[in-house]
Amino acid sequence: MPQEIEPKWQKIWVDRGVMDASDKSPKPKYYDLVMYPYPSGDLTVGHARNYVMGDVLARLKRMQGYEVLHPFGWDAFGLPAENAAMKRGGIHPKTWTVENIAKAKRELKMIGILYDWDREVTSCMPDYYRWTEWLFLLFYERGLAYRAMSPVNWCPVDKTVLANEQVINGRCWRHPDVEVEKRDLEQWFFKITDYAERLLNDLEQLDKWPHKVRVMQTNWIGRSEGAEVDFPVAGHEGESIRIYTTRPDTLFGSTFMVLAPEHPLVEKVTTAEHRARVREYVERARKETEIERLSTEREKTGVATGGFAINPVNGEKIPIWVADYVLVTYGTGAIMAVPAHDERDFEFAKRYGLPVREVIAPAGSGGEELRDAYIGPGVMVNSGQFDGLDSKTGSDRVIGWLEEKGIGKRSVKYRLRDWLISRQRYWGCPIPIVYCELDGIVPVPYDRLPVLLPEEYKPLADNPDFWRTRCPRCGRDARRETDTMDTFVDSSWYFLRYASPHDENEPFDPELANHWMAVDQYTGGVEHAILHLLYSRFFTKVLHDAGLLDVQEPFMRLFNQGMVKRFGQVMSKSAGNGVSPDELVDKQGADAGRIYEMFIGPPEEDVEWNDSGLNGVVKFLHRVWRLVLQPESIEVTAGARDGGDAVLLRRRVAQTIKKVTDDYEDLRFNTAVAYLMELANTMQDYLQGGGVRDEGWDAAVHTLVKLLNPIGPHISEEMWERLGEGGPDRGLLADATWPEFDAAVAAEPEVTLVVQVSGKVRDRMAVAAGLSEEQALAIAMASDRVRAALNGSKPSKVIYVRDKLINLVP
RNA sequence: GCCGAGGUGGCGGAAUGGCAGACGCGUCGGUCUCAAAAACCGAUGAGGGCAACCUCGUGCGGGUUCGACUCCCGCUCUCGGCACCA
């Protein structure tokens with residue numbers, strides 16, 4: 001049965017352009033977006049679950065009268081295509097990608113997911129990446145793309161550099177068992193740090209994002225407030241070391257300084273007798289991998305330089321050390337060590353016998369020796385004119401004093417680093433830059449885009465036909481940039497391209513983008529909580545600043561769906577536990593599969609796939625089919641529960657409209673399905689109780705079919721046609737209007753009043769809704785069981801919650 | 001270590017101060033059948049009782065409240081994120 005009706009309706013929807021979005025519709029717009037996938041050829045019901053959620057919402061919003069934009073596309077550049085190509089001996093990454101896209105597209109259509117395929121974008125196609133290049137030039141023009149030599153993260157397996165966000169615990173995000181190496185290379189960066197403050201502050205507006213994601217982004221940006229202070233170097237007139245501290249109140253407690261091994265002043269402050277040891281230490285630190293160096297488990301190491309600095313607040317001479325627990329990439333690459341009030345400095349001081357001086361006294365403390373660093377707030381002591389101030393006021397005063405003396409200043413730092421976008425790969429978007437001996441770095445002019453990837457699959461740096469060019473400025477021989485861009489650049493703006501996917505003059509038409517943006521609902525995996533979502537927010541702000549976009553935030557409401565597991569592991573073809581949409585549809589049809597995917601558990605939670613659970617949904621659909629189309633086949637049963645009560649049926653229908661509508665809108669699909677099942681059960685009870693098939697019954701049938709449509713679109717469309725309401729000649733259920741309900745009908749006229757004695761349920765009685773406390777009390781006291789529980793005493797206190805409960809306390 | 005989410009029947013889960021376990025799976029019993037499957041009907045948290053009913057029950061220990069799965073404090077376990085960021 002599903003095998004017949006499902007393809008039939010899928011064809012009709014496409015022919016009718018049901019999900020084609022009109023740019024000129026007078027209806028309010030709704031932009032429903034799912035994260036575009038990497039076409040890995042591994043589509044499972046796990047991925048499908050995500051797309052079904054988006055589809056349910058799109059279908060609902062259409063019926064509610066919105067002009068819905070529900071597009072789809074492919075994040076099609078990237079390493080797996082190259083790796084697969086290599087594995088399969090000479091197949092081109094493009095061939096592999098295109099094949100996978102075709103396959104995935106067929107499967108998406110098969111489960112009845114409707115997209116506006118006219119707007120499909122594919123990031124590896126020249127008509128898309130041309131505009132990624134264009135945007136690079138815009139960033140370059142605005143001073144947001146720059147080239148710099150820097151120590152970078154290098155994945156030895158992928159043979160490319162990685163962004164900070166792609167390094168997890170010192171290992172490559174794609175290869176959890178491969179340690180990332182450090183290399184010094186000239187690379188392209190996007191200056192995302194310029195937007196750190198705005199990316200942080202605007203998180204507050206995103207109140208419809210999961211709290212978790214906002215916290216993760218906040219931590220990633222890592223704002224801290226403090227001061228930069230200059231410590232003069234003893235014996236080197238005019239030379240000083242700048243440090244950053246978040247605790248200016250502890251300045252008097254600094255008993256030594258620490259430079260990062262890569263700090264430029266290390267050589268200068270090192271004395272002759274320490275030189276050999278310092279050089280050896282610095283050399284060793286350089287060679288260590290990130291993971292060795294960042295391990296907090298490891299004991300801290302360091303060496304004295306023999307040099308001294310002057311603490312500017314008290315004129316004390318303190319030794320300068322070099323240690324790799326100080327990072328050159330954060331703050332100024334140098335710290336003042338305050339062992340009494342910093343755990344790391346404390347550990348280091350203990351190990352090397354350096355002095356510890358307490359300058360913050362915790363409230364009510366004696367003067368006993370410190371066993372650990374005290375990092376909390378307190379009162380300043382041993383701090384000259386600042387003694388007696390609390391930490392917070394003290395910090396402010398110290399900063400004020402430093403600024404007055406010109407030896408320090410207030411400073412805000414971020415953990416966020418600039419985004420390294422260069423990748424040494426073939427299958428990515430070319431960076432449109434030319435290197436000319438005379439003119440240096442020259443951007444390819446906008447009108448000469450795109451810089452096309454060569455057909456031949458080999459590293460761009462090994463392909464002179466690609467990199468040999470002429471300088472766009474002077475016409476001399478020049479060399480093209482052979483790095484490609486991180487694929488996260490491609491995905492940072494694809495949601496804008498959907499607004500005008502065929503625009504041949506610009507990345508997107510600002511007018512259309514402003515019409516559709518922001519995305520009303522964005523659905524995807526939580527693994528993108530930082531990377532993709534932070535980069536897309538950054539792009540949106542840059543484009544706003546360039547006057548191309550009105551909005552400053554791309555995604556209004558974000559939802560992270562859970563993953564589907566099987567045998568305790570995330571489902572995937574490579575893990576061997578995947579169930580493909582093909583198999584699912586073959587088994588019981590697309591509708592049963594869709595509904596089961598929604599019913600299996602809360603949408604945000606990971607769920608365990610269970611083949612037998614599908615049967616319950618199939619049974620439910622059979623029951624609905626019978627109720628709607630063959631109600632006469634349901635026999636009246638003696639002793640049926642609800643006795644064919646027409647008023648009750650009407651009420652249940654109204655209540656179900658409310659619950660299911662609310663649940664769909666809040667993406668609580670699992671409970672929406674449960675309520676639909678309840679309605680079907682009620683309808684069955686009604687018939688079995690001898691209920692008449694009058695207008696009330698017809699209304700129930702029509703409502704059930706409509707409410708079912710977003711999740712089970714084929715079967716409901718078929719039933720709609722057979723009811724004589726729609727079909728190819730009369731209009732589709734997909735175009736019908738969403739049912740409304742009358743609150744008065746939904747209201748329960750009679751409620752079950754729970755009677756408690758001392759908070760324990762002693763009786764339940766059916767009463768009219770809206771009783772006064774006196775009436776309720778009288779009814780409650782009429783109960784034998786309540787009187788028994790009260791044991792003769794009079795209630796001294798009565799709590800009455802209208803239409804719910806009355807609690808008698810003796 | 002820090003931050004965040006969570007712990008409810010045999011299982012997936014529902015209920016966010018007011019009837020714990022909706023809905024479904026599974027199991028058991030029944031109808032139909034020569035039989036089985038399917039379908040349909042019923043039962044199904046634990047303990048006690050012939051029964052009406054009673055007692056206990058939402059990770060553990062306290063607290064607030066007439067009343068707590070729900071709010072507060074402490075602990076514990078699981079999962080996710082961050083982790084020498086000065």
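We use all heavy atoms of the structure for the numbers below, so side chains are in, but hydrogens, waters and symmetry mates are not. It should be emphasised that the depicted structure is a prediction, and the values quoted were computed from it without experimental measurement. Below, read A as the first sequence line, B as the second, and so on, with proteins coming before strands; counting in each chain starts at 1.
- One finds a side-chain N or O of A:R415 lying less than 4.0 angstrom from the OP1 or OP2 phosphate oxygen of B:A83.
- The side chain of A:K619 places an N or O atom within less than 4.0 Å of a non-bridging phosphate oxygen (OP1 or OP2) of B:C25.
- Base pairing of B:G47: its partner is B:C54, meeting the Watson-Crick or G-U wobble criterion (both donor-acceptor distances under 3.5 Å).
- In this structure, A:W609 has its ring center at least 6.0 angstrom away from the ring center of A:F567.
- Between A:R410 and A:E225, no side-chain nitrogen of the basic residue sits less than 4.0 Å from a carboxylate oxygen of the acidic one, so the salt-bridge criterion is not met.
- For the P atoms, the distance from B:U70 to B:G62 is 14 Å, rounded to whole Å.
- Pair assignment for B:G42 gives B:C28, based on Watson-Crick or G-U wobble hydrogen-bonding distances that are each under 3.5 Å.
- A:S633 places a side-chain N or O within donor-acceptor distance of the main-chain N or O of A:Q630, the cut-off being under 3.5 Å.
- Taking the P atoms as reference points, B:U76 lies 28 Å from B:U65, given to the whole Å.
- With no hydrogens or angles considered, a side-chain donor-acceptor pair links A:R537 and A:Q217 at under 3.5 Å.
- Ion pairing of A:K658 with A:D662 is present here, as a side-chain N (NZ or NE/NH1/NH2) and a carboxylate O approach within less than 4.0 Å.
- In this structure, B:G67 makes no Watson-Crick or G-U wobble pair, since no nucleotide meets both defining distances under 3.5 angstrom.
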Identify each atom pair where a protein N or O and an N or O of nucleotides 64-69 of chain B are less than 3.5 Å apart, giving names and distance.
from, atom 1, to, atom 2, distance (Å)
B:C66, OP1, A:K797, NZ, 3.1
B:C66, O2, A:N807, ND2, 2.2

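- Using N1 to N3 plus N6-O4 or O6-N4 for Watson-Crick, or N1-O2 and O6-N3 for G-U wobble, each under 3.5 Å, B:C34 pairs with nothing.
- The nucleotide B:C2 finds its pairing partner in B:G81, both defining distances of the Watson-Crick or G-U wobble pair being shorter than 3.5 Å.
- Using a 4.0 Å cut-off, no side-chain N or O of A:N615 falls inside it from OP1 or OP2 of B:C25.
- Regarding contacts with the backbone of B:C23, every side-chain N or O of A:Y675 stays at 4.0 angstrom or more from both OP1 and OP2.
- For the OP1/OP2 pair of B:A22 and a distance below 4.0 Å, the side-chain nitrogens and oxygens of A:T671 include no atom meeting the criterion.
- A:Y535 and A:W419 have their aromatic ring centers within a separation under 6.0 angstrom.
- Both A:I243 and A:I600 lie close to RNA chain B; mapped to their nearest nucleotides by heavy-atom distance, the more 5′-ward contact belongs to A:I600.
- For A:N560 and B:G80, the shortest distance from a side-chain N or O to OP1 or OP2 is not below 4.0 Å.
- If you look at A:F599 and A:F620, their ring centroids are not closer than 6.0 Å.
- Contact check, A:R214 against B:C3: no side-chain N or O comes under 4.0 Å of OP1 or OP2.
- Comparing the P positions of B:C54 and B:C73 gives an interatomic distance of 36 Å, to the nearest angstrom.
- Pair assignment for B:C23: B:G12, on the basis of Watson-Crick or G-U wobble contacts that are both within less than 3.5 Å.
- Under 4.0 angstrom from either OP1 or OP2 of B:C40 there lies no side-chain N or O belonging to A:Q688.
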